[in-house]
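The residues of the chain are indexed from 1 along the displayed sequence.
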Amino acid sequence: MANRLAGATSPYLLQHKDNPVDWWPWGEAAFDEARRRDVPVLISVGYAACHWCHVMAHESFEDESIAALLNDGFVAIKVDREERPDVDAVYMTATQAMTGQGGWPMTVFATPGGEPFFCGTYFPKQSFAHLLGSVTTAWREQRDEVLTQGAAVVQAVGGAQIVGGPTAPISADLLGAAVAALLKDHDQTYGGFGGAPKFPPHMNLIFLLRHHERTGSAEALETVRHTCEQMARGGLYDQLAGGFARYSVDATWTVPHFEKMLYDNALLLRVYTQMWRLTGDVIARRVADETAAFLLRDLGTGPGGLASALDADAAGVEGSTYAWTPAELVEALGEEEGRWAADLFRVTPTGTFEHGKSVLVLARDIDEADPTLIARWQDVRQRLLTVRAARPQPARDDKVVAAWNGLAITALAEHGVLTGSEASRAAAVSLAGVLAVRHLVDGRLRRISRDGLAGEPAGVLEDYGCVAEAFLAVHQITADPRWPALAKQLLDVVLDHFGTGQGGFYDTADDAEKLLTRPADPTDNATPSGASSVCAALVAYAALTGETSYREAADTALATLGPLIEGHPRFAGYAATVAEAALAGPYEIAVATTDPSDPLAEAAFRHAPGGSVVVVGEPDRPGVPLLADRPLLDGRATAYVCRGFVCERPVTTPADLLTRLAT
C-alpha cells in the first residue's frame with residue numbers, strides 16, 4: 001500500500017507510517033476517496049507524547065486483523081492535534097457533545113462529508129474490533145439513521161461555537177469575584193485547585209500574582225506560594241533534571257503523567273520567575289533557573305526553535321526513566337548515600353509508583369540548609385542523573401509549534417531580564433528570530449516547523465497572539481524596533497481576518513480551510529486561548545506604541561471574555577491575567593539612558609508590576625515610540641512612568657522610581 005505518512009512533518013504521523021493501516025493524512029483527498037468507495041471515515045486524533053495514543057497504536061493500529069477491518073471498511077485519517085488544533089477543536093466538541101467527555105486518542109467515525117456520527121476516545125483492541133464491525137454494518141444497513149445522527153451532531157457542534165453572547169466589561173468587582181471563587185477552590189493542604197488528577201494551574205497563578213500586586217491581597221499571594229512550593233517538592237517536578245510533567249494523577253503532586261510539554265514549562269517558568277521577583281523565595285528562584293535550563297538543554301533543536309514535548313514512555317514503559325527503588329539508589333550511590341537519598345526523596349520499599357518503585361519527591365527542607373548539606377544534595381542529584389542517563393530515554397517530539405515557542409520566548413525574556421541570565425535573554429532573542437524568519441511566510445504565520453522547514457498548516461489565533469506577545473517581550477529587553485513592527489503585522493492580520501464582527505475572535509482566519517464549523521473557543525485550558533493571548537498582545541502593543549485603537553480592540557474583546565472570567569475563572573486564567581494588566585493601566589515605563597545596565601533600568605524591570613511594559617534605551621531611538629521625546633535630565637538616566645497613557649513627572653533615582661510605582 002502507499003505509505004502516505006512517510007513525508008509528514010509531524011512526528012506523530014511518522015510514528016504510524018509503518019502501520020498495516022492504510023492511513024491518509026488530513027485533506028480533501030481522503031474524503032474524496034471515501035466518497036469514491038462509499039465508506040465511512042475514521043478520524044484518529046492524538047499527539048506524539050500521548051501515552052494512551054501509544055497504547056491504542058500498539059494494540060490496534062499495529063495489529064494485522066484490526067488493520068484489515070479498517071482498510072476494508074473505512075478510509076482512515078490520522079491527525080496530529082498539535083499540528084491541526086482547528087481540526088481537533090471541531091471534533092473534540094463533537095466528542096464532548098456525544099459522550100460528555102473528551103481526551104486523546106480521539107476516535108471519530110464520520111461520513112465522507114466529514115460529519116461525525118459516532119465519537120469516543122481510547123478503545124481496547126477487542127472493543128475496537130467490535131465497534132468497527134458495528135459501524136460497518138450500520139453504514140450498510142442503517143444509512144439513513146447514521147446520516148440523521150451525523151446531521152444532529154453537526155448541529156450540536158455548530159451550536160457550541162456560537163459567538164456574540166453576553167459581555168461584561170472588566171472591573172475590579174468582576175476580578176475580585178473571580179479571585180474569591182479560585183480561593184474557595186484552593187486545596188489548603190497540597191495546593192492547586194480541586195482534586196485528582198491535578199494539572200499545574202499556571203495561568204491562574206499568574207493571575208493571582210497580578211491581583212496581589214494591584215490589590216495587596218495577602219491570601220492571593222500565599223495561595224500562589226503554597227501551590228508553587230507543593231508542586232516543586234512533588235513528583236510533578238523532575239527532582240534531578242528540572243522541568244515539570246503534564247499533570248499529577250493524585251491530589252498530592254506525587255505521581256505524574258510523565259510527559260513534559262513545552263507549554264507547561266514555559267508558563268511555569270513565568271510563574272516561578274515572578275514569584276521570586278515578588279518574594280525573593282529561594283525555591284522559586286531555583287526552580288525558575290532549572291526550568292529555564294531544562295527548556296534550552298532538553299527541548300532545544302539544532303535548526304533553532306524548541307521541541308514540543310518529551311514522551312511519557314521510554315522503551316514502551318511509562319515513567320521507566322524516572323522511578324527508583326531503595327536498592328537502585330544504594331547501587332548508584334553506595335550504602336550510606338543511598339539511604340540518605342532514599343530519605344531525602346521519599347523512596348520507600350513499598351513505592352509510590354508501579355512495581356515497588358517511587359517517583360522522587362523532595363521530602364526535606366534543604367534549599368536553605370547548611371551549605372555542606374546543599375553540596376551533598378547537589379552531588380547526589382548529579383550522580384543519579386548520570387545513572388539515569390544510561391536508562392532508556394523518552395522520545396522527543398521535535399516539531400516547533402509557533403504558539404508554544406512564543407510562550408517560551410516571553411518566559412525566557414522575563415527570566416533573563418529579572419535574574420540577569422544572559423543564556424535566557426539570548427535564547428529569547430534567538431528564538432524570536434527563528435519564528436520571524438521561518439514561521440512568518442508571506443505575511444502570515446505557519447503553525448509548525450521541523451528540521452528547519454516550515455510546515456503547511458496555517459497558524460491559528462493562539463499562534464498569532466502568543467507570537468505577537470513574544471515579539472513585544474523581546475522588544476522590551478532589546479529596544480529593537482524590529483519587534484513591535486512584526487507584532488503589529490501579526491495583530492493587523494488578526495483584526496482583519498479573525499474577528500467575529502462582535503468584538504471577539506474566531507480561532508481560524510476567514511480564508512482558512514473550511515471545516516464543519518469555524519471554531520471559537522474562549523477558554524484557557526492547557527494553554528492560553530487564542531482570544532486571551534491576542535488580548536495580551538493588543539494591550540502590550542498599545543502601551544508600547546500609544547496606538548490607542550489596539551487598546552480599544554483589546555477592551556472590547558476582554559468584555560466578551562468577562563462572563564467567562566466571572567463565572568468560570570479556572571478556565572479563564574490568562575484572560576483574567578490580561579484583565580488585571582488592563583485594569584492597572586498598564587504601567588508604561590521608559591528609561592532613557594546611554595547605559596542599559598544603569599541601576600535605574602534594573603529597578604524598572606524588577607519593580608514594574610506584572611503586565612507593565614518597560615523599554616530601556618537612548619532618548620528618541622528610531623522606531624521606539626516609548627523613548628520618543630524622553631530626554632535625559634541633567635545628563636542622568638531618567639525614568640518616565642505613565643499609566644493608561646497618563647504620565648507622571650520623570651525621576652532619576654531608583655528610590656524615586658519605586659515611590660512612583662508604589663503610588
Strictly below 4.0 Å, N to O, side chains only: are Lys399 and Asp397 in salt-bridge contact? yes
Under-4.0 Å salt bridge between Asp238 and Arg388: yes
Against the six-membered ring of [Y], is [X] placed for a cation-pi contact (under 6.0 Å from the centre, within 45° of the normal)?
X	Y	result
Arg391	Trp324	yes
Arg606	Trp276	yes
Arg570	Phe193	no
Arg233	Trp253	no

Would you confirm whether the ring centroid of Phe244 sits within less than 6.0 angstrom of the ring centroid of Phe199? no
So, for Phe258 and Phe353, is the gap between ring centers shorter than 6.0 Å? yes
Is the ring pair His226/His186 parallel, tilted or perpendicular, if the boundaries are 30 and 60 degrees? perpendicular
In terms of ring plane angle, is the pair Tyr263 and Trp404 parallel, tilted or perpendicular, where the classes change at 30° and 60°? perpendicular
Roughly how far, to the nearest 0.5 Å, is CG of Asn204 from OG1 of Thr227? 9.5 Å
Look up atom NZ in Lys260 and atom CG in Leu310, then write down how far apart they are to the nearest 0.5 Å. 6.5 Å
Within 6.0 Å of CZ in Arg346, more than 12 heavy atoms from elsewhere: no
Are more than 12 heavy atoms, taken from residues, nucleotides or ligands other than Glu331, located less than 6.0 Å from that residue's CD atom? no
Glu328 vs Lys357 side-chain heavy atoms within contact, under 4.5 Å: yes
Any chance the side chains of Thr659 and Asp656 put a donor and an acceptor closer than 3.5 Å? no
